[in-house]
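The structure appears right after this line, and notes come after that.
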Amino acid sequence: MLAGKIITVGITGGIAVFKAAQLVSSLKAGGAEVNVIMTRSAQEFVKPLTFQVLSGNSVRTDLFDEMRGAVQHIELATRPELLVVAPATANILGKVANGIADDLLSTVIMAASCPVLFCPAMNVNMYNNAVVQRNISSLRELGYEFVDPGTGRLACGVEGRGRLADLDQIMEKIESLLCYSKDMEGLTVMVTAGPTVEPIDPVRYITNRSTGKMGYAVAKAAAGRGAKTLLVSGPTALKPPGGVNFISVESALQMYEAVMEHYPAADVVVKTAAVADYRPKEVSSQKIKKRGGPLTLELVRNYDILAEMGKIKNKQVLVGFAAETTDLEKNSLLKVESKNLDFLVANDITQAGAGFGSDTNIVKFVYPGGDVKPMPLMDKTVLANRILDEALAVSQKRK
Ligand code: CTP
């Protein structure tokens with residue numbers, strides 16, 4: 001998602017400098033052009049060479065070196081699409097909040113024409129200090145972006161808030177700032193994800209291989225683009241993305257109830273969940289003991305949640321998913337039409353790089369009437385945005 005993006009990373013002097021190495025490396029791996037500026041204190045913790053190797057660009061450290069080379073600090077401030085300061089000390093926050101530009105990084109921030117994201121990291125008492133909190137509040141009011149520090153054991157040995165936020169959180173924020181405008185503001189998006197779990201007895205259940213990755217990626221992307229986002233999810237190992245309302249369910253019946261309750265308010269519904277079509281007719285209240293001979297379980301049909309939504313669709317853009325192993329287009333078209341969908345994301349799970357558990361997908365968008373749009377192999381995050389682009393286009397056409 002970051003391919004071709006130009007990012008300047010400012011590094012100030014705190015023990016979390018070593019974590020900035022991972023950040024620079026991840027940004028670079030994501031395809032961004034990364035330029036690093038280090039303050040003098042930051043260089044006390046880690047040598048510029050580390051960041052030079054990780055970013056593939058020479059590290060800038062001195063305002064006057066830069067000025068001798070044709071006022072490059074202005075270029076450092078105007079060329080990037082995002083300036084990330086990680087870790088951001090109390091000192092840099094104080095300087096920027098009070099208009100001080102006395103070294104290369106503070107000067108570049110002052111002259112920046114792109115969004116500036118601070119990721120503070122410091123001792124808990126410093127972080128809680130009223131002056132620091134006031135500086136953070138005024139910077140927020142001025143439009144500076146923040147990823148708040150986490151809570152835990154700090155380098156100084158005390159427990160509290162002040163450690164640099166997790167890399168995932170910082171990367172999520174960077175992607176949401178860089179990759180999409182808030183083009184879904186005003187829309188309500190409901191996403192379902194993960195498998196459902198159909199109990200047999202207190203110990204056993206029937207489920208499937210869905211990991212939830214695709215649905216969580218769609219929810220995260222929708223929230224990042226400004227939509228009011230609800231994620232209804234079966235059990236997964238994933239953390240719900242920030243900024244998303246989250247409802248956790250287990251069975252298809254629970255998912256049906258949660259989805260139907262929120263359906264009237266939704267503008268877009270993306271139904272990635274792998275809902276069990278059947279559930280055991282009886283759920284034994286006691287653990288079923290083994291006996292001689294085979295055991296027969298009687299299964300009954302669950303609601304087809306998507307089809308139920310299709311029957312009462314009015315303003316909603318309804319997007320379904322289908323995992324197929326044969327006759328992808330034919331089976332998908334049947335589903336689009338029988339469930340009254342706006343389009344279906346059809347996934348041939350026999351292909352390498354597609355389907356359950358992978359971070360990539362190869363899909364085709366199938367539309368009512370039979371139009372088919374094949375998509376190349378793509379990251380689930382990128383695909384999530386393509387799906388939302390398409391849903392947005394349908395929704396705008398309908399207005
Ligand atoms: N779906 C649903 N409720 C169900 C079953 C599926 O809402 N009880 C939704 C899924 O979330 C997905 C789409 O319908 O968006 C999948 O369609 P479906 O016809 O169930 O696909 P398969 O399970 O692949 O169907 P089949 O077993 O008939 O191939």
Side-chain angles (χ1 to χ4, degrees), residues 189-199 205-219 222 230-236 247-263 266 268-281 299-313 316-351 354-357 361-368 372 375 380 383-384 386-388 390-391 394:
V189 175
M190 175 161 68
V191 183
T192 70
T196 64
V197 162
E198 309 299 327
Y205 53 74
I206 300 172
T207 191
N208 60 63
R209 292 182 191 278
S210 170
T211 59
K213 279 185 182 169
M214 190 65 239
Y216 279 58
V218 174
L230 173 67
L231 174 61
V232 180
S233 175
T236 73
I247 299 181
S248 160
V249 296
E250 295 218 325
S251 66
L253 273 176
Q254 288 171 354
M255 184 171 278
Y256 172 77
E257 275 159 23
V259 164
M260 284 305 177
E261 185 188 333
H262 293 92
Y263 184 53
V268 173
V269 179
V270 183
K271 201 141 191 335
T272 69
V275 185
D277 288 320
Y278 295 90
R279 66 175 181 276
K281 186 175 180 196
L299 303 179
V300 292
R301 275 300 300 265
N302 272 324
Y303 285 113
D304 186 321
I305 307 173
L306 194 53
E308 294 300 315
M309 283 193 277
K311 282 184 204 157
I312 53 168
K313 179 167 98 170
Q316 291 88 355
V317 176
L318 217 46
V319 184
F321 266 71
E324 301 288 351
T325 51
T326 52
D327 289 331
L328 181 79
E329 290 181 22
K330 195 170 126 236
N331 288 334
S332 301
L333 185 57
L334 275 174
K335 285 176 191 176
V336 173
E337 299 197 329
S338 66
K339 299 189 191 200
N340 192 20
L341 306 181
D342 291 282
F343 65 99
L344 182 123
V345 181
N347 196 352
D348 176 352
I349 54 170
T350 58
Q351 293 185 85
F356 296 130
N361 244 350
I362 313 165
V363 302
K364 290 179 176 168
F365 291 172
V366 180
Y367 300 84
V372 175
M375 298 281 140
K380 284 186 174 169
L383 176 60
R386 288 287 173 85
I387 292 166
L388 293 174
E390 206 64 23
V394 175

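For ligands, and for the atoms within them, numbers begin at 1 and follow the listed sequence. All residue numbers refer to positions in the sequence shown, counting from 1. Both backbone and side-chain heavy atoms feed into the values below; hydrogens, waters and symmetry mates do not.
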Item to check | Side-chain H-bond candidate by donor/acceptor type, Tyr205 with Ser251, under 3.5 Å | outcome: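 No donor-acceptor contact under 3.5 Å links the two side chains.
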
Checklist entry - Phe343 vs Phe365 aromatic rings, parallel, tilted or perpendicular, using cut-offs 30° and 60°? => result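 Answer is tilted, since the angle falls between 30° and 60°.
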
Next on the checklist: Test of understanding: with side chain to side chain contact (heavy atoms under 4.5 Å, CB included), list the residues that count as partners of Asp327, not counting sequence neighbours.
Outcome noted: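 Lys330, Asn331.
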
Checklist entry - What residues, two or more places apart in sequence or in another chain, satisfy side chain to side chain contact (heavy atoms under 4.5 Å, CB included) together with Lys281? => result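 Partners of Lys281 by the side chain to side chain contact (heavy atoms under 4.5 Å, CB included) criterion, ordered by chain and then number, come out as Glu298, Val300.
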
Next on the checklist: Looking at Tyr303, I'd like to know if its OH atom is crowded, meaning that more than 12 non-hydrogen atoms belonging to other residues, nucleotides or ligands lie closer than 6.0 Å.
Outcome noted: no

Item to check | Within the 4.0 Å heavy-atom sphere of ligand 1, strictly under, residues | outcome: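 Near ligand 1, by chain and number: Lys271, Ala273, Val275, Ala276, Asp277, Tyr303, Asp304, Ile305, Leu306, Gly320, Phe321, Ala323, Lys335, Lys339.
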
Item to check | Residues which pass side-chain hydrogen bond (donor to acceptor under 3.5 Å, both in side chains) with Tyr367, listed by chain and number, not counting sequence neighbours | outcome: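 Counting only residues at least two positions away or on another chain, Tyr367 forms a side-chain hydrogen bond (donor to acceptor under 3.5 Å, both in side chains) with Glu390.
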
